[in-house]
**Q** 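I'd like to ask some things about the structure below.
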Amino acid sequence: MQVRPRSKTNRWVLTEVLVEAGLTLITEAENSRRITKLGRARQIRNGLMVAVLAMHPIRLKKLCRFGNRAESC
């Protein structure tokens, strides 16, 4: 029995879609009054990371080196 790797093409997302998603997160955070300042900052950070990583993807292991938080990896 041979095991064949599954195709990853069905998981691909266009760069434009990811950038738009990141910018939407940022816009929603800036306009939201229901979340705390800390929650807003987190959402802006997450949106920025999505948009930037869409333009310049890196491996998860390397991304984890930027932060010192082990639970995020």
Side-chain angles (χ1 to χ4, degrees):
M1 178 201 291
Q2 280 189 340
V3 179
R4 296 177 189 226
R6 291 187 211 179
S7 174
K8 294 182 182 180
T9 56
N10 61 341
R11 296 189 299 178
W12 290 354
V13 180
L14 295 175
T15 300
E16 295 83 10
V17 173
L18 288 172
V19 170
E20 185 64 33
L23 295 176
T24 300
L25 280 172
I26 293 170
T27 302
E28 287 176 356
E30 291 174 340
N31 296 332
S32 177
R33 295 183 181 197
R34 293 184 290 172
I35 58 177
T36 64
K37 286 184 179 182
L38 180 59
R40 193 174 304 133
R42 285 180 180 155
Q43 188 167 337
I44 290 171
R45 177 205 59 200
N46 292 344
L48 182 61
M49 285 176 35
V50 169
V52 169
L53 289 173
M55 299 302 291
H56 186 75
I58 61 173
R59 295 183 184 266
L60 179 61
K61 193 171 188 178
K62 189 173 256 189
L63 176 64
C64 292
R65 290 185 196 161
F66 289 128
N68 294 328
R69 307 173 94 193
E71 71 271 5
S72 65
C73 299

**Q** Taking all non-hydrogen atoms of both residues into account, name the closest pair between Ile35 and Ala29 and its distance.
**A**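 Answer, listing the atom of Ile35 first, then Ala29: CD1-CA, 4.5 Å.
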
**Q** Among Leu18, Val17, Thr24, exactly one meets side-chain contact (heavy atoms from CB on, under 4.5 Å) together with Glu20. Which residue is that?
**A**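 Going through the options one by one, the only one that passes is Thr24.
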
**Q** Quick check: closest heavy atoms across Leu25 and Gln43, and the distance to 0.1 Å?
**A**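 Closest approach of Leu25 to Gln43, heavy atoms only: O-NE2, 3.2 Å.
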
**Q** Quick check for you: to the nearest 0.5 Å, what is the distance between Thr36 atom OG1 and Arg42 atom CZ?
**A**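 Here the interatomic distance stands at 7.5 Å.
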
**Q** To the nearest 0.5 angstrom, please state how far the CD1 atom of Ile44 sits from the OG1 atom of Thr27.
**A**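 Separation between the atoms: 9.5 Å.
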
**Q** Same cluster or not: are Val19 and Met49 linked, directly or through other Ile, Leu, Val, Met, Phe, Trp or Tyr residues, by side-chain heavy atoms under 4.5 angstrom apart?
**A**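 Unlinked, Val19 and Met49 end up in two clusters.
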
**Q** Treating Ile, Leu, Val, Met, Phe, Trp and Tyr as nodes and any side-chain heavy-atom pair under 4.5 angstrom as an edge, say whether Leu53 and Val13 lie in one connected cluster.
**A**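 Cluster IDs for Leu53 and Val13 differ.
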
**Q** If you round to the nearest 0.5 Å, how far is CZ of Arg40 from CD of Glu28?
**A**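 Here the rounded value is 13.0 Å.
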
